[in-house]
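Note that these values count all heavy atoms, side chains included, but never hydrogens, waters or copies made by symmetry. Nothing fancy with the numbering, it's 1 onward along the sequence.
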Amino acid sequence: MKKTLSLILCLVLTLYLAPRVSSAPSEGVSTQCKAAILIDAETGTVLFEKNATEHLSIASVTKIMTLLLTMEAIDGGIIKLEDKVTVSEYAASMGGSQAFMEPGEVLSVHEMLKAVAVASANDGAVALAEHIAGSESAFVDRMNKKAAELGMNDTLFMNPTGLDDDCEPYSCAGDVAKMSRELLKYPLILEYTTIWTDSIRNGAFGLANTNKLIRFYTGANGLKTGSTAKAKFCVSAAAKRGDMQLIAVVLGGETSKSRFEDAKAMLNFGFASYAIYDPGKLSAATVQVYGGKEEGVVPMIPSEKLLVEKSLLSSVSSRMEISPSLNAPVEKGQIIGKLIYESKSGVIKELPICSDRAVEKADRAFIFNELLRSALGS
């Protein structure tokens, strides 16, 4: 129990001690939409937000969760890209954006992914959902379960498409950013979200990406657009330049053009104002433990990149403060020091350094055995 509590404490302090990045002024970011948010995908840091928790329809941006569950299924070996998916009559009946799939038509998971990620095909989204979970309703249950796991507390999915004519699904800009960040953890998805034009059915059906930023914004690599009468025009726009991956979410844009303009305004602000500091691999010498069954423990040094204001980047440095020695017993995960990142403006972030193992206190029997073994030269 003590070991478990020590590990939990170390994790909690890692999160608690992580300060919020001192934001550069964001007054220069102007958006026309109902709600928006800009985050750094590496750290999850919010760089700009506007009505980020307001409940809104998100239209086909919903398919980010559909794609996320598909990526999980592929990564887990449950399905493969070459698997064949049979289109049900129900899937084929979807309106809105579609790839005009026929009941009984068979397409590979790979083709379905292209249809959904590039052309926002509702028929393809439902066909994938049925293939993965057995039914649309079972898949929606998984969508909401995953949303809960990600802390998407202002989201309710009702289908894998985002169609909202006959129902009232909702989410918010902040939650869309969370699931977008999770989707980007699967590099495979970028092979689909970065496609500008392609085709399925052996070239017989052309696909054009609904996300115009893919062609017209430097570094754009995803993720999903959406539009309905209720939701208006939405986009979760991802872009990467250098080591920095940003996600800009726009909900409730008045026009298709304005949603992309809002996304570009946020992305431009992020790339212009921030940079990634990579401390590289850090290590520290073994810390001696007195009175224990082992001589020492190895400090577990956190290794993560930092998002910092560009004006501070050249002055960022790191240092460690670690206990010179410890007395047994020592718990695995016990905090034995801290890693400090600082710049000319002061401390940026502090992270706990923890013990890599437990060391029990040496009792008399152990000490006697050690002395005997030393005397015998073994």
Under 4.0 Å between a side-chain nitrogen and a carboxylate oxygen: does that hold for [X] and [Y]?
X: K114; Y: D198; result: yes
X: E304; Y: K349; result: yes
X: E294; Y: R357; result: yes
X: K185; Y: E182; result: yes

Heavy-atom closest contact ([X] atom, [Y] atom, distance):
X: I353; Y: P302; value: CG1-CD, 4.1 Å
X: N144; Y: F157; value: OD1-N, 2.8 Å
X: A263; Y: L213; value: CB-CD1, 4.1 Å
X: V116; Y: G124; value: CG2-C, 3.6 Å
X: N327; Y: V289; value: C-CG1, 4.4 Å
X: T286; Y: V297; value: CG2-O, 3.3 Å

Next on the checklist: Could you go through S120 and K224, starting from their C-alpha distance and side-chain angles, then the distance that decides it, and tell me whether this counts as side chain to side chain donor-acceptor pair (under 3.5 Å)?
Outcome noted: CA-CA 8 Å; S120 195; K224 194 69 198 71; 2.8 Å; yes
Next on the checklist: Side chains of Y290 and V359, heavy atoms from C-beta outward: is any pair under 4.5 Å?
Outcome noted: no
Checklist entry - Does V87 reach the side chain of E102, with side-chain heavy atoms less than 4.5 Å apart? => result no
Next on the checklist: Tell me whether the count of non-hydrogen atoms from other residues, nucleotides or ligands lying under 6.0 Å of CD in E89 goes above 12.
Outcome noted: no
Checklist entry - For K80, does the NZ atom sit with more than 12 other heavy atoms under 6.0 Å from it, leaving out its own atoms? => result no
Item to check | Set of ring pair (Phe, Tyr, Trp, His ring centres under 6.0 Å) partners for Y170, sequence neighbours left out | outcome: H55
Item to check | Pairs meeting criterion ring-ring contact (aromatic ring centres under 6.0 Å, His included) with involvement of residues 173-192, two or more places apart | outcome: H110-Y192
Checklist entry - Would K63 and S60 satisfy side chain to side chain donor-acceptor pair (under 3.5 Å), going step by step from the backbone distance to the final call? => result CA-CA 5 Å; K63 294 187 179 87; S60 284; 2.6 Å; yes
Next on the checklist: I want to check a possible cation-pi pair here: R241 against F271, using under 6.0 Å from ring centre and within 45° of the ring axis as the test.
Outcome noted: yes
Next on the checklist: Let's go through E130 and S88 carefully: what are the C-alpha distance in whole Å and the side-chain angles of both, what is the deciding distance for side chain to side chain donor-acceptor pair (under 3.5 Å) to 0.1 Å, and is it a yes or a no?
Outcome noted: CA-CA 8 Å; E130 293 174 335; S88 69; 2.7 Å; yes
Next on the checklist: Using 0.5 Å steps for rounding, measure from the CD1 atom of I64 to the OG1 atom of T193.
Outcome noted: 10.0 Å
